[in-house]
> 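Let me give you the structure first, and then I'll get to my questions.
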Amino acid sequence: MSMFSIFNVSGSAVSAQAQRLNVVASNMANVDTVAGPDGQAYKARQVVFQTVPMGGEATAGVKVSGVTESNVPFKRIHDPNHPSADADGYVSYSNVNPVEEMVNMISASRSYQNNIEVMNTAKSLLLKTLQLGQ
Amino acid sequence: MFANLTSGLDFHSKALVLRAERQRILASNIANADTPGYVARDFNFRDTLSQITRTDGPAATPGALRLNASSGSTHPQHLELGRSSASASTLSGTGALAYGTQTQPSVDSNSVDLDRERANFVDNSVRYESTLRFINGQSKTILSAIQGQ
């Protein structure tokens with residue numbers, strides 16, 4: 001196995017982190033959503049990472065094995081004049097916690113950068129190997 | 001005669017293959033920094049290299065250095081894997097893939113310490129480059145000896 005598989009490994013991590021960023025973006029966009037397509041308020045989503053073996057024993061990439069929905073109770077705000085208010089006058093907002101999402105976003109972007117850095121290093125090493133003996 | 005000339009090159013080519021191997025393993029660790037339950041892998045470069053140069057005959061090819069997933073018993077020149085266990089230090093076992101221990105225990109039992117892995121990665125890439133320069137320099141020396149100029 002050559003160093004070329006670094007691109008597969010880091011590439012899988014980059015795409016997994018990009019998917020995580022996507023999920024964070026949709027959560028942040030729906031912070032104040034009252035009703036989703038099913039009539040219910042939006043539920044915060046989270047990706048689940050899983051290791052994927054790629055060839056050698058210690059060569060392992062990442063994939064997103066699934067997306068889970070948070071079961072935290074919806075935010076309920078008393079607003080009887082709201083069109084989506086229930087019989088008691090409460091409106092259910094999405095259960096997204098913006099602070100958690102911001103932390104998640106920073107973590108995902110740092111991991112993304114790390115893996116890009118790894119690919120850059122591997123690329124420059126391979127280029128130098130190509131110039132061997134010249 | 002010619003074997004004397006190229007024996008140094010042979011050693012450095014083995015070191016280069018091992019460096020590339022370690023680079024790949026460290027890349028896997030960094031890729032899995034956020035995966036729950038993943039355990040960091042690494043090997044002791046010094047011990048592995050000395051084991052390879054000890055066991056390899058003069059006619060050995062670098063291809064025999066390939067880390068083989070199947071316990072390494074099929075060929076005497078294959079590295080043996082999977083018989084070491086993690087100790088208090090970050091690495092254990094000679095010439096085998098070891099498991100990294102958690103420096104700061106986390107709830108998801110992921111044992112990748114990103115700072116450690118990145119430091120190792122940069123260190124390994126610098127050493128890879130220096131090995132490349134050794135090979136370059138030695139091949140230039142051989143060439144100038146052949147040309148006699």
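Letters A, B, ... are given to chains in the order of the sequence lines, protein chains preceding strands, and every chain is numbered from 1.
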> Same cluster or not: B:Val122 versus B:Tyr128, using hydrophobic residues (I, L, V, M, F, W, Y) connected whenever any side-chain heavy atoms lie under 4.5 Å apart?
no

> Quick check on the hydrophobic clustering: are A:Met28 and A:Val23 connected, directly or via other members, by side-chain heavy-atom contacts under 4.5 Å?
no

> What residue, out of A:Asn8, A:Thr51, A:Val48, has the most heavy-atom pairs lying under 4.5 Å from chain B?
A:Thr51

> Which atoms form the tightest heavy-atom contact between B:Ala31 and A:Val62, and what is the distance?
O-CG2, 3.0 Å

> With rounding to the nearest 0.5 Å, note down the distance linking CG in B:Asp34 to CZ in A:Arg20.
4.5 Å

> Indicate, with yes or no, if B:Phe45 and B:Phe11 share a hydrophobic cluster defined by side-chain heavy-atom contacts under 4.5 Å among Ile, Leu, Val, Met, Phe, Trp and Tyr.
yes

> So, for A:Ala60 and B:Asn32, which heavy atoms are closest and what is the spacing to 0.1 Å?
O-ND2, 2.8 Å

> Enter the distance from B:Ile30:CD1 to A:Ser111:OG here, rounded to the nearest 0.5 Å.
10.5 Å

> Please find the pair of heavy atoms, one from A:Leu125 and one from B:Glu129, that lie closest to each other, and give the distance.
CD2-CG, 3.7 Å

> I need the B:Gln23 CD to A:Ile6 CD1 distance, nearest 0.5 Å.
5.0 Å

> With a 4.5 angstrom heavy-atom cut-off, which part of B:Arg118 approaches chain A: side chain, backbone, both or neither?
side chain

> Looking at A:Val9 and B:Ala27, what are the two nearest heavy atoms and their distance?
CG1-O, 3.8 Å

> For the residue pair B:Glu117 / A:Asn114, report whether a side-chain donor-acceptor contact shorter than 3.5 Å exists.
no

> CG of A:Leu132 to CG of B:Asn136: how many Å apart, nearest 0.5 Å?
5.0 Å

> Looking at OG1 of A:Thr129 and CG of B:Leu132, how far apart are the two atoms once the value is rounded to the nearest 0.5 Å?
4.5 Å

> May I ask you to check whether over 12 heavy atoms, not counting those of A:Arg110, lie within 6.0 Å of atom CZ?
no

> Are more than 12 heavy atoms from other residues, nucleotides or ligands located less than 6.0 Å from atom CD of B:Gln147?
yes

> Applying the 4.5 Å side-chain criterion to the ILVMFWY set and letting contacts propagate, would A:Val52 and A:Tyr112 be lumped into a single cluster?
no

> For A:Lys123, does the NZ atom sit with more than 12 other heavy atoms under 6.0 Å from it, leaving out its own atoms?
no

> Quick check on the interface: out of A:Ala108, A:Gly61, A:Ala16, A:Ser10, who has the most heavy-atom pairs with chain B under 4.5 Å?
A:Gly61

> Under 6.0 Å from the CZ atom of B:Phe134, do we count more than 12 heavy atoms belonging to anything else shown?
no

> Could you give the distance from CE (A:Met3) to CZ (B:Arg19), rounded to the nearest 0.5 Å?
12.0 Å

> Measure distances from B:Leu143 to the heavy atoms of chain A and classify the residue's part below 4.5 Å as side chain, backbone, both or neither.
neither

> Do B:Leu114 and A:Met119 share a hydrophobic cluster (ILVMFWY, side-chain heavy atoms under 4.5 Å, transitive)?
yes

> Counting neighbours of OH on A:Tyr90 that are heavy atoms of other residues, nucleotides or ligands and sit closer than 6.0 Å, is the number greater than 12?
no

